[in-house]
2 protein chains.
Amino acid sequence: MKVGELAQVARCTVETVRYYEKEGLLPAPERTAANYRRYVQAHVDRLRFIRNCRALDMTHAEIRALLERIDHPAGDCRAINDLLDQHIEHVEARIGELRQLQDQLVSLRQRCRNERPIDACGILQGLAAMETEVRPPRPSHLG
Amino acid sequence: MKVGELAQVARCTVETVRYYEKEGLLPAPERTAANYRRYVQAHVDRLRFIRNCRALDMTHAEIRALLERIDHPAGDCRAINDLLDQHIEHVEARIGELRQLQDQLVSLRQRCRNERPIDACGILQGLAAMETEVRPPRPSHLG
DNA sequence: GCTTGACCCTATAGTAACTTCAGGATGTGC
DNA sequence: GCACATCCTGAAGTTACTATAGGGTCAAGC
């Protein structure tokens, strides 16, 4: 299986596949005489796993931690449960932040219902008058 | 007012202030004989405006568009209203995405209530079995 | 045998909004 | 005159890719 085919079954681009290899998430496969990557089923499974994690917005570091456990199973899966719990918290926190943001945006928007000259625009006035908040360094990686 | 003081009143770092200058969001101030930046009240107002926009998760491009209108007022403020409406939609869309994500994560988490050996971990099994989704290129910049 | 087109390769740079670092100058208090 | 905080510039690092340049491989068709 060549890289294009692998990318297709995993629904990503060939660039992403090669990138994961460089990052050490996906093991480097054998090469053909022409130096083409030659993948086997294990690569498909692993890449699917990675893409599923990414679909859940996990970072490469989080995915790496999971793969580590899979590659070197030891003890129970508590660490995995914990990782997922933390991730769920991240997402929850980010939703909360965005909700608050949304409230602010909507109330800002209501300051200018009609088309006024720029100088009278309630939105710009609101943005100028807002109490500048400390932007906490993102606790989550979710943007 | 030196850069450290400006950063303090605007609640950001001096690096951020200098970065905004390089980006053209904040105009370059006069310099002292020792080549120190010397800011005046207008800079404070502008930086506060920028930080308020950032607190609302606007991109530099969006902020630039707003500043443009402020610097060259022309016509009415319809474009500003539109920009904000679009931004509100972005945030709304992202909240929806994260909610869906959260549902998936929670149901994944429920697959492993107790501490099992790695091989039996319901979470890892779930991640391996998930139908790999096409990750749509982010329509919003909100991560 | 030759061309065309789809696919593969590497290495490098670009994205967003900063942060960090290296290496050095300035200003202030004691 | 020295320590220490603060200032300066320029370059590189962050995250997870995407894009681009410049080239090799392979199968099909003429």
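Letters A, B, ... are given to chains in the order of the sequence lines, protein chains preceding strands, and every chain is numbered from 1.
- Taking the side chain of A:Tyr19 as heavy atoms from C-beta on, and the options C:dA17, D:dT18, C:dT19, the nearest nucleotide is D:dT18.
- More than 12 heavy atoms of other residues, nucleotides or ligands shown are found within 6.0 angstrom of CD on A:Gln41.
- Summarising the geometry, the separation between CG on B:Asp57 and P on C:dA16 is reported as 15 Å, rounded to the nearest angstrom.
- Put simply, B:Thr16 has no side-chain N or O that comes within less than 4.0 Å of OP1 or OP2 on C:dA17.
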**Request:** Could you please spell out the steps behind the side-chain contact (heavy atoms from CB on, under 4.5 Å) verdict for A:Arg31 and A:Arg37?
**Result:** CA-CA 5 Å; A:Arg31 298 289 183 120; A:Arg37 289 170 179 82; 3.3 Å; yes
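- Residue A:His60 places at least one side-chain N or O under 4.0 Å from the OP1 or OP2 atom of D:dA16.
- Here C:dC18 presents its P atom at 11 Å from CG of B:Leu47, a figure rounded to the nearest Å.
- Using the six-membered ring where Trp is involved, B:His60 and B:Tyr20 have ring planes that are perpendicular, over 60° apart on the 30 and 60° scheme.
- The separation between B:Leu25 atom CG and C:dA17 atom C1' is 10 Å, rounded to whole Å.
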**Request:** Using a 4.0 Å cut-off on protein heavy atoms (strictly under), produce a 5'-to-3' string for nucleotides 22-30 of chain C with B for base contact, S for backbone-only sugar-phosphate contact, and - for none.
**Result:** ----BS---
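- With hydrogens and angles ignored, the 3.5 Å screen pairs no side-chain donor or acceptor of B:His87 with any backbone N or O of A:Leu105.
- The shortest heavy-atom contact between A:Val91 and B:Leu98 is CG1-O, 3.8 Å.
- Remark: B:Tyr20 is in phosphate contact with C:dC18, judged by side-chain N or O atoms under 4.0 Å from OP1 or OP2.
- Per the geometry, CZ belonging to A:Arg64 stands 11 Å off C1' belonging to D:dT15, to the nearest Å.
- Distance CZ/A:Arg111 to CD1/A:Ile123: 9.5 Å, rounded to 0.5 Å.
- D:dC17 atom C1' lies 15 Å from atom CG of A:Leu26, rounded to whole Å.
- The listed nucleotides are D:dT18, C:dC18, D:dC8; the one nearest the side chain of A:Thr13 is D:dT18.
- Of the residues near DNA chain C, A:Gly4 and B:Thr59, the one whose nearest nucleotide (by heavy atom distance) lies more toward the 5' end is A:Gly4.
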Atom pairs under 3.5 Å, N or O on each side, protein against nucleotides 10-13 of chain C: can you list them with distances?
from, atom 1, to, atom 2, distance (Å)
C:dT10, OP1, A:Arg31, NH1, 3.3
C:dT10, OP1, A:Arg31, NH2, 2.9
C:dT10, OP2, A:Arg37, NH1, 3.0
C:dT10, OP2, A:Arg37, NH2, 2.8

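- Nearest-nucleotide mapping onto DNA chain C: of B:Glu15 and B:Met58, the residue sitting toward the 5' end is B:Met58.
- Remark: P of D:dT6 and CG of B:Leu6 are 15 Å apart, rounded to the nearest angstrom.
- A pairwise comparison of heavy atoms in B:Asp57 and B:Glu62 identifies O-OE1, 4.3 Å as the closest pair.
- From one end of the helix from C:dG1-D:dC30 to C:dC30-D:dG1 to the other, with five pairs defining each end axis, the axis direction shifts by 30° (rounded to 10°).
- The local environment of CD in A:Gln8 is sparse, with at most 12 non-hydrogen atoms from other residues, nucleotides or ligands closer than 6.0 Å.
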**Asked** Given B:Met1 and B:Arg38, is the side-chain contact (heavy atoms from CB on, under 4.5 Å) satisfied, shown in steps?
**Response** CA-CA 5 Å; B:Met1 175 176 248; B:Arg38 183 69 65 192; 5.8 Å; no
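- Annotation for A:Ala10 and A:Leu47: closest pair CB-CD2, 3.4 Å, computed over non-hydrogen atoms.
- Hydrophobic clustering (side-chain heavy atoms under 4.5 Å, transitive across Ile, Leu, Val, Met, Phe, Trp, Tyr) groups A:Leu101 together with A:Val106.
- Put simply, B:Leu26 and B:Tyr36 are part of two different groups of oily side chains (I, L, V, M, F, W, Y) that touch within less than 4.5 Å, one to the next.
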